[in-house]
Every structure is written in structure tokens, then in C-alpha cells.
Amino acid sequence: MREKGKRAASKSEAKWKPISCEVNHEHSNADDMFEGLIEIEELCDYGDEHFVKNKKLKIEAIDTTNSDFALNLDALSQWTQFPISKPILKAIEELQFNAPTPIQTECIPIAINDRCDILGAAPTGSGKTLAFGIPLLEFLIADKQSDSSQRLRALVLVPTRELAVQVNNHLTAIAKFSNVSIATVIGGLSVQKQERILNNLKPDIVVATPGRLWELISESQCNHVNTKSVQKTNYIVVDEADRMTEKGHFEDLTPLINLLKRGKDDRKRQVFVFSATLTFVHKPPERQIHLKRKMTPKEKIKFLVKMLGMRENETKVIDLTDKGIGTPSDQLLAATKIDCLADEKDLYLYYLITVYNGRTLVFCNSKDCLRRLINVLKCLDVNPLSLHASMEQKRRLQNLEKFTANPNGVLVATDVAARGLDIANIDHVVHYQVPRTVEIYVHRSGRTARAANKGLTLMLCSPPEHYHYRKLCQVVNNGYELANFPIDDNVLKVVKNRVTLAQEVDKLEHKLRKGKAEDNWFKKAAKELDIELDDEDRPKHEDNESEKKLRALKKSLKLKLKQSLIPRSCYSSYLTKQGSFKLPVVKGKKAIDMIVDAGEEATPLSAPTMKRRKKHSKKKFKK
Ligand SMILES: Nc1ncnc2c1ncn2[C@@H]1O[C@H](COP(=O)(O)OP(=O)(O)OP(=O)(O)O)[C@@H](O)[C@H]1O
């Protein structure tokens, strides 16, 4: 069985090569990935059945004579082995997806032929949306041929609004040549407007965030999406399912799940449940290890199956992750870190975004941290965009669009952007604060290195965060430290001058804002009490002096920003598990390219230094 698993993996891996991709990449950890699949399959007693069924696939003849859908069968040769209809094939051809991804290869035939429920886990950016999207659209095309009534046929539940919009776009692109219609139902936009659209469009598929969908069902009079129509849907997808079943999100999902629970003999409904960390289980903390028993992946799967109302004996588990951790391979993703003090984080972030080219997504753990960082970056003329849950929905979507349009854009976000977002070519993901869970780390990091593109992550780790960092490395890096991000000290000096000034500007501006807010408060209170304020009654904020100082700081920062950042011939050393490399610092290159080139071009450090550094970087944390 192990042999079969490995064969299947390498075959499907070799086939997936998006044509937009510049790198000719062969997955090196295909074997590792399949270890996960076999483990889970064994746990679930599915044995060899799944592979045997793959081989028995009926290959449908495709009629290319219909001029509406003249297909380029050569370009689609990797897809025509699946029972996919012409409208979908035409869309695949137009999207230039020349081969299915491994998770698509595994899911599509089983979902279509066996009509089973599917729990799918695969690395971030590996095409899970179409792994459930293609079978879903196939069913709906067939469904609509036998019953042309305009009704709600499928629900896709996702945890965030941006993800709902994106899944809608992906499904719409693949449904382009079919008569299947799709709409989104998300919070932050007017309920009445959404209700009107639903009643007019009468979509077959609704992609929704659970909270707003429940609000619509329970509080509005929508003809198309209501208790009855939702109960009658034949297809349900729960994307990012582990997130949706976590505390905080679960409350939104529960009433819906209760409503959707099928009767014992309702065999018509098919359920798809997907995530990159679906089968990951946390170890209990060491001090509680004797008290708590570790939940096994099998138990987690059983829990999800039961909770999401899937058919116990007709659920297939397809897990292409490494022990539940769906990160892209090392060939695609370079994971690096910098150890620094908390107030040096701005410095290193600014170093990355000014020295190197590329689109950068920065994650903060809190909104307060995000706001401060945005101000500092603005002072440094970086023009950062922000994304967090308290922003108006329209602005959230606008900022995403702006970020997508700018190849050197910087988006600072909270974890609302960590899951599922598929923005083409994000070059860097920065963990400005160390993420608190493995899942958050995996999903944040997965915004880069998507669809066979390369990417780089940088974790900024301050001493108090070291505990969480070590815990992460134990799970995601086999207990090894992440590679040190290469820094050149000469460039750092210039960068430091700028960042220190920007931090001072930010602090002073904050002080002045606070003073003005206090003044306003006094004025308002005095007005309400009908008291006239004397000048002495008001708090003194030394405003004039501060404003003068602020102007001077801004002026000298402006001058510093005009100076050249990189003195001639700078080098930084890149410390990795493989050893240490000397990297030239060239402005305008991409960080990931520098690091990848390092192995081939950079001059290795002298042997004794190499040995010393190698020893350090190969350091494994003590348990
Ligand atoms: N067969 C394919 N060939 C090339 N590109 C593909 C293929 N299938 C999907 N893609 C592209 O790959 C990208 C990532 O896909 P998708 O968003 O579905 O990943 P995912 O596995 O759901 O990731 P995440 O876990 O982060 O949500 C998308 O831009 C999608 O259009």
C-alpha cells in the first residue's frame, strides 16, 4: 500500500505545472506528503479501496465537434481522464491550468464517481477550492438538466468575508461556460441589498459567512435563501473547517449546522470539508501531559464528521499534508527569522521592504500593534495598506484590490487575512509578532509560495516571544531553528537612522493627538456643565514646543529618506541548516531570489567560520 501511495503521489505531482509559473519545480517532499495520506487512510480503515477506485475511473469521450466549446485537447490531456463536462473543461483551458494539482487529482474522481462526502487536507495554495469546486459544478450542471427550477442547490461556508468573495470569483471563473449561477452573502454589507440580489438572481450556489447567512435566514423574508431552501440543498462545503469549528466561530456555525443536519435516510446530500490544517492535532502542554490524552487525527476526523453531519460510512479522507501541517515544500518556501528586541522590529521590517522588491504581507497579532506600525511606515513613505476586522467592509475589499495591483505593495493585517486569501505573487509574509498557534503560522505563511510560486516568510522574534517560537519550531521545523534572515550591517546603519526618527515622529504625533483629544474632552465637559474655561483650567500640553520639535524631526527624516540606502559592495551572511553563505546586497532584487541564488552563486565563508556557523544553525532546541 505504501508503494502505491508513493507512485500515485509522484505521478500527480509531476503533472501539476501551472504555465504561468517561472520555476520548473519538482516537489521533493511528495513521499512525505503521502505518508500523511496513508496514515490517515489506515486509521480510517479505507485501505487500498481509494486507489483501486481511481483506476476504475470511467473515461468519458469528449465531443469536440460542438463549436461552442471547441477544446484544445492537447492542452487538456491531463484533465480529460476525469469525468468532467465540456463547459468546465473550456473554463479550465481558458484559465490555462494545464494539469490538476495533487489534491484535485485525488478528490475530483472520487467526489464525482463515488458521490461520497470528502474531508480534504492539502498544503496552502495547492488548489483546494477547485478540488471541491469542480465536482460541485459538475453536479449542478447535471442537476439543472433534470430539474430546471430556480432554487438554492449548494451552500459554501467560509470563515471570512474576503474569502467568500474570492471563492465566489474562483467558482464563477470555472462556471463561466455553464448555466450555474453563484452569489455571496457576507456581513458588513446591507442585508436588504443582499436579499434583493438573491431574490432577483436566484443563484444555484451561495457562498456565505455563517453569521450573515444565519441572520438572513432567521431575520429576513428572503424567498430564495430561507430555512426551507437551505434544508433542501444537496451540496454543502465547509472551507477552512477547522477554523469554523474553533471557539468564537463555532457559535456562528452551530445554529446553521443544526438546521442543516440531515435525517437518517437523507442520502442525497454531499458534504465537502477542506483545510490545510484539518487533521492537525495539538499536543497538550507538557505539565498536563499526564492529565490530558492527546487527541488522535482519527478522533479529530470522527469529531468533524459527526459535528458537520457527514455520512460516517461514506466519508473519504484525503490528506496530503505532513502530519496535518499543510505548508508548501522547502523548495518553494524559505522560512526565515530575525531575533531582535521588540522596538527593533520596525527596523528589520523596513530593511526587508526597502532593500528588496516584492509584495509584502505583514501580520500583527492585535489591532493596536497594526495601527502603530501603519503610522511608523507612513512616516517612512512606505504607503502601507491595512486590513482588520473593525474596518468598513468596502474599505477592506478596496485595500485588498490596491494591494493586489501593486507589485511592491505592503499590507499590514491581523489574522482576518491569514486564511484562504489567494493574492497572486505575495513575495514576503512577515510574522511581525510570533503567531500563537501552529495553525495560524501555517495559514499566514501560506499566503506566499502559492500555486508553485516561490515565497519567503520572515518571523520577527523578540525575547518574550521565544517560548512560542520554540514551540512552533518543534512542530513545523522538526525542532530546528528557522534560517537567519541575511542582514548587512552597513545598510542596517542607514536604515536605523531613518527608522529611529520615524519612531520618534510617531511617538510625538501620538502625544499631540492625545493632548488634543483631552482638550476636546475638557471643552465638551465644560459645555455640558455650562462652565466657561479659563486658560489656566485647561491642561498644558506644551503643544507649541512639541509641534516645533515634530516639524524638525520630520524635516530631518525627509532628508534621510533622500539619502542612498545601500553603500557600495555590501554583503550579508545567510545562516541556514545547510550552512552559511555570503550574499551581496543588491537593491531591487527579490529577497527569495537572493536566497535561492545563494546556494549556487554566493561565495561560501571561510571553512572555520562555516564550521562554527553551521554548528549554530543546525542547533536543535532541547526538549
Ligand atoms: N490545476 C491548477 N493549475 C494551476 N493553478 C491552479 C490550479 N488549481 C488552482 N490553481 C490556482 O492556485 C491558486 C491557489 O488555489 P486555492 O486558493 O484553491 O488554494 P488552497 O489550497 O485553497 O489554499 P489555502 O489553503 O491557502 O486556502 C489559485 O490562484 C488557483 O487559481
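In this chain, numbering begins with 1 at the start of the sequence shown. In each ligand, atom 1 is the first atom listed, and ligand 1 is the first ligand listed.
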Are Glu240 and ligand 1 in contact, using a heavy-atom cut-off of under 4.0 Å?
-> yes
Strictly by modelled atom types, are Lys367 and Ser390 linked by a side-chain donor-acceptor pair under 3.5 Å?
-> yes
Have His428 and Thr360 got a donor and an acceptor in their side chains that come within less than 3.5 Å?
-> yes
Check each atom of ligand 1 against the heavy atoms of Arg447 and keep those under 4.0 Å away; list them by number with element.
-> 26 (O)
Under 4.0 Å from ligand 1, counting heavy atoms only, is it the side chain of Trp79, its backbone, both or neither?
-> side chain
Provide the number and element of each atom of ligand 1 under 4.0 Å from a heavy atom of His170.
-> 17 (O), 28 (C)
Would you tell me whether Gln393 and Arg161 have side-chain atoms, one donor and one acceptor, within less than 3.5 Å of each other?
-> yes
When only distance counts, is Asn98 in polar contact with ligand 1, meaning an N/O pair under 3.5 Å?
-> no
Heavy-atom count around Lys302 NZ within 6.0 Å, excluding the residue itself: above 12?
-> no
Winner among Thr101, Thr105, Asp422, Asp239 once heavy atoms are compared against atom 14 (C) of ligand 1 | Asp422
Relative to each other, are the rings of Phe274 and Phe272 parallel, tilted or perpendicular (30° and 60° limits)?
-> tilted
Do the side-chain N and O atoms of Thr124 and His443 include a donor-acceptor pair separated by under 3.5 angstrom?
-> no
Is ligand 1 under 4.0 Å from a heavy atom in the side chain of Ala122, in the backbone, in both, or in neither?
-> neither
Take Leu482 and Asn477, measure what side chain to side chain contact (heavy atoms under 4.5 Å, CB included) needs, and give me the verdict at the end.
-> CA-CA 7 Å; Leu482 300 179; Asn477 210 29; 3.7 Å; yes
At under 4.0 Å between heavy atoms, what of Arg419 touches ligand 1? The answer is neither
Ligand 1 to Ala451, heavy atom cutoff 4.0 Å, flagged ligand atoms 12 (O), 13 (C)
Give the C-alpha distance, both sets of side-chain angles, the deciding distance and a yes or no for salt bridge (Lys or Arg N to Asp or Glu O under 4.0 Å) between Glu240 and Arg243.
-> CA-CA 6 Å; Glu240 307 295 347; Arg243 175 79 180 133; over 6 Å; no
What are the atoms of ligand 1, with element, lying closer than 4.0 Å to any heavy atom of Ser126?
-> 19 (O), 20 (P), 21 (O)
Phe97, any N or O under 3.5 Å of ligand 1 N or O | no
Consider only side-chain N and O atoms of Ser445 and His431, and report whether a donor and an acceptor are under 3.5 Å apart.
-> yes
Distance, nearest 0.5 Å, that separates CG of Asp319 from OG1 of Thr279 | 3.5 Å
Could you check which of Ala99, Gly127, Ala276 puts a non-hydrogen atom nearest to atom 1 (N) of ligand 1?
-> Ala99
Hey, which atoms in ligand 1 end up nearer than 4.0 Å to a heavy atom of Thr129?
-> 16 (P), 17 (O), 18 (O), 22 (O)
Consider ligand 1: state whether an atom of it lies below 4.0 angstrom from any non-hydrogen atom of Pro123.
-> yes
Find all atoms of ligand 1 within a distance of less than 4.0 Å from any non-hydrogen atom belonging to Arg450, and give their numbers and elements.
-> 14 (C), 16 (P), 17 (O), 19 (O), 20 (P), 23 (O), 24 (P), 26 (O)
